[in-house]
Amino acid sequence: MKKRCFAFLVVCLLLVRGVLPALATEEAKVYPYDFAFEAFWYEPSLSAVNFESSLPRKSCLLMEASTGKVLYADNQHERLPIASVTKVMATLLIMEALDGGKIALEDTVTVSERAASMGGSQVFLEPGEQMSVDDLLKSVIVVSANDATVALAEAIYGSEEAFIAAMNQKGKELGLKNTNFVNTNGLPAQGHYSSAYDVAVTTRELLKHPTVLNYTNIWMDTIRDGAFGLANTNKLVRFYKGANGMKTGFTSEAGYCLSGTALRDGMQLIAVVLGSPTSEDRFALAKQLLDFGFANYRIFTPEMDLPESLPVTCGVTDRVKLTAEPPALLLEKGASGELTQTLTLPETTEAPVKKGQQLGTVEFTQNGVSLAVIPVFAAEDAKRMDFLTMINRIFTNIFSFL
């Protein structure tokens, strides 16, 4: 009898909190979270030069993060619903606010009625409840909590509407041509869409904020001083070597979606899968994409063949030191052909020269294919001579011959 009463109370609670209408989404759950402990086996690694997969999907893409080069794409620009993968953009704005000092992880956020009313995946925030930015961010990234997302959006931008406008503005800044946001969570809404390519570009931008990896690498954790357990919806984090993010998503409309990231031997890959019919297909395809990338490509940082300095005319000093950042080159494993450097630099430069001023370039090519063009900068200032300095130098030179 007691068990029946307890079950009845749980169902009532779910109804009140609006969970039942959102069963078509991936939900945050309290421990035990079944798949946190299940065995999950993948197909063997793919080592073929050309990627092929029969796994069903609407779209997929593999990108190398440092160069932004697309290594494989299928239907990469089609506008599709992306479910909670929407939160890649939301998380990017949150990380920008953190790194910009607008908010801090130890700050406390008071949950609004609106944030608490969010359905779908949630951590059951109560109106007026106070929670740290750290725990809210953990809830957004690990279990895709819609209520935590809105709470942070309001804390940073004042309202969810202003936050959504900022998401779309950021999309324009990143050059996303097939993305439009109507909400912060990816629940079905007319006019809310993105593409595999746009998701990869946004993920690449998010990876520039390394603090996010403190959360995307979490497999299991808690909030509310250990009272509420979280388990990551991204199985790659536990089952794939080098996996370090990024975001899953599911609705009946979008299917199973994923932006999955992994780092091995200094190479960061981004695999995007949209519209898989099952969760298993989604993760298996992402794994195949990542396997293909790691099997066939590598990152190489060459030594720069650069002169130490460049002559300066009309300057207080005769030469200015040069500097250039060695590039991370994406190379195909086993590819033949030497790597060549072509330096484009004037014989002299005229003062004044400012530190950081671009003076030339170094182009890296292999088999006639350009891999990267690196700017060469002045490593210091070179001031222009004034009239008195010029006269003094002339007389000094004259008397040196006497």
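Since we're looking at a predicted model, the values are computed, not measured. Sequence positions, counted from 1, serve as the residue numbers for this chain.
Formation of a donor-acceptor pair under 3.5 Å by the Thr365 side chain with backbone atoms of Gly368 is not found in this model. Looking at Gln366, its side chain does come within 3.5 Å of a backbone N or O of Gly337 through a donor-acceptor pair. A donor-acceptor pair is defined here as one N or O able to donate and one able to accept, closer than 3.5 Å; such a pair exists between the side chain of Arg57 and the backbone of Leu55. With hydrogens and angles ignored, the 3.5 Å screen pairs no side-chain donor or acceptor of Thr179 with any backbone N or O of Leu176. Using modelled atom types, one side-chain atom of Asp107 and one backbone atom of Ala104 make a donor-acceptor pair closer than 3.5 Å. In this structure a side-chain-to-backbone donor-acceptor pair under 3.5 Å is missing from Lys321 to Leu310. A donor-acceptor contact shorter than 3.5 Å links the side chain of Ser121 to the backbone of Val143. At least one donor-acceptor pair under 3.5 Å links the side chain of Asn234 to the backbone N or O of Leu236. Formation of a donor-acceptor pair under 3.5 Å by the Glu78 side chain with backbone atoms of Ser194 is not found in this model. Between the side chain of Asp381 and the main chain of Lys355, a donor-acceptor pair closer than 3.5 Å is present.
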Check against side chain to side chain contact (heavy atoms under 4.5 Å, CB included), Ile299 and Leu329: CA-CA 5 Å; Ile299 290 293; Leu329 301 178; over 6 Å; no

From CA spacing to verdict: side chain to side chain contact (heavy atoms under 4.5 Å, CB included), Glu332, Tyr297: CA-CA 5 Å; Glu332 290 188 39; Tyr297 296 89; 3.5 Å; yes

Step-by-step side chain to side chain contact (heavy atoms under 4.5 Å, CB included) determination, Asp265 to Met267: CA-CA 6 Å; Asp265 299 324; Met267 184 166 69; 5.8 Å; no

Chi angles and distances behind the side chain to side chain contact (heavy atoms under 4.5 Å, CB included) call for Arg224, Glu129: CA-CA 11 Å; Arg224 298 188 177 107; Glu129 180 179 358; 2.8 Å; yes

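Evaluation of the side-chain contact (heavy atoms from CB on, under 4.5 Å) rule for Asn244 yields Leu213, Asn217, Thr261, Leu263, Gln268 as partners, not counting sequence neighbours. Residues meeting the side-chain contact (heavy atoms from CB on, under 4.5 Å) test with Pro352, sequence neighbours left out: Arg384. In this view, Ala115 and Val111, Ser112, Val150, Ala151, Glu154 satisfy the side-chain contact (heavy atoms from CB on, under 4.5 Å) rule, not counting sequence neighbours. Under the side-chain contact (heavy atoms from CB on, under 4.5 Å) criterion, Ser309 pairs with Arg319, sequence neighbours left out.
For the atom pair CE of Met95 and CG of Leu137, the computed distance is 6.0 Å after rounding to the nearest 0.5 Å. Within the model, atoms OH of Tyr193 and CG of Leu274 stand 14.5 Å from one another, a figure rounded to the nearest 0.5 Å. Atoms CZ and OG, from Phe283 and Ser279 in turn, are 4.5 Å apart once rounded to the nearest 0.5 Å. Here the CD1 atom belonging to Ile103 is positioned 12.0 Å from the OG1 atom belonging to Thr108, to the nearest 0.5 angstrom. Taking CG of Leu269 as the reference point, atom CG of Leu71 lies at 6.5 Å (rounded to 0.5 Å). Within the model, atoms OG of Ser195 and CG of Leu80 stand 8.0 Å from one another, a figure rounded to the nearest 0.5 Å.
Side-chain polar atoms of Thr342 and Glu363 form no donor-acceptor pair below 3.5 angstrom. Defined by atom type and a distance below 3.5 Å, a donor-acceptor pair is present between the side-chain atoms of Thr203 and Ser259. Between the side chains of Asp281 and Ser276, not a single donor N or O lies within less than 3.5 Å of an accepting N or O. No side-chain donor from either of Lys87 and Thr149 sits under 3.5 Å from a side-chain acceptor of the other. Tyr215 and Asp134 share a donor-acceptor pair across their side chains, judged by distance under 3.5 Å alone. Judged by distance alone, the side chains of Thr110 and Gln130 do bring a donor and an acceptor atom under 3.5 Å apart.
Results of the side-chain contact (heavy atoms from CB on, under 4.5 Å) test with Met246 over Leu207, Thr91, Leu258 single out Leu207 as the only residue that passes.
Across every non-hydrogen atom of Thr349 and Val353, the tightest pair is CG2-CG2, 3.9 Å. A pairwise comparison of heavy atoms in Leu290 and Gly260 identifies CD2-O, 4.4 Å as the closest pair. In terms of heavy atoms, Lys241 sits closest to Arg264 at O-NE, 3.0 Å. The two residues Gln358 and Gly360 come nearest to each other via the heavy atoms NE2-O, 3.4 Å. Taking all atoms of both residues into account, the shortest heavy-atom contact from Met385 to Gly315 is CG-O, 3.3 Å. Heavy-atom minimum distance, Asp147 versus Leu125: OD2-N, 3.1 Å.
Proximity of Asn232 to Met220: side-chain heavy atoms (C-beta onward) are nowhere separated by under 4.5 Å. Side-chain contact check for Phe181 versus Met89: some heavy-atom pair is nearer than 4.5 Å. Within the 4.5 Å cutoff, no side-chain heavy atoms of Val237 are placed close to those of Ile218. Between Val376 and Thr361 there is no side-chain heavy-atom pair separated by less than 4.5 Å. Using a 4.5 Å heavy-atom cutoff, the side chains of Thr222 and Leu230 are not in contact. Residues His192 and Pro81 fail the side-chain proximity criterion, which asks for heavy atoms closer than 4.5 Å. The side-chain heavy atoms of Val123 and Phe228, taken from C-beta on, include a pair separated by under 4.5 Å. Using a 4.5 Å heavy-atom cutoff, the side chains of Thr202 and Glu205 are not in contact.
Screening residues 63-120 for ring-ring contact (aromatic ring centres under 6.0 Å, His included) gives Phe51-Tyr72, His77-Tyr197 as the qualifying pairs, with residues at least two apart or on separate chains.
The 12-atom threshold is not exceeded at CD of Glu303, counting heavy atoms of other residues, nucleotides or ligands nearer than 6.0 Å. No more than 12 heavy atoms of other residues, nucleotides or ligands sit less than 6.0 Å from atom CD of Glu113. Within 6.0 Å of the NZ atom in Lys354, the count of heavy atoms belonging to other residues, nucleotides or ligands does not exceed 12.
Relative to the six-membered ring of Tyr256, Arg282 misses at least one condition, a distance below 6.0 Å or an angle of at most 45° to the axis. Cation-pi geometry between Lys102 and Tyr157 is met: under 6.0 angstrom from the ring centre, within 45 degrees of the axis.
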Distance-only donor-acceptor pairs under 3.5 Å for side chains of residues 59-66, two or more places apart:
residue : atom : partner : partner atom : Å
Ser59   : OG   : Asp74   : O            : 3.2
Ser59   : OG   : Asn75   : O            : 2.8
Glu64   : OE1  : Ser66   : N            : 3.2
Glu64   : OE1  : Ser66   : OG           : 2.8
Glu64   : OE1  : Thr67   : N            : 2.8
Glu64   : OE1  : Thr67   : OG1          : 2.7
Glu64   : OE2  : Ser66   : N            : 3.1
Glu64   : OE2  : Ser66   : OG           : 2.8

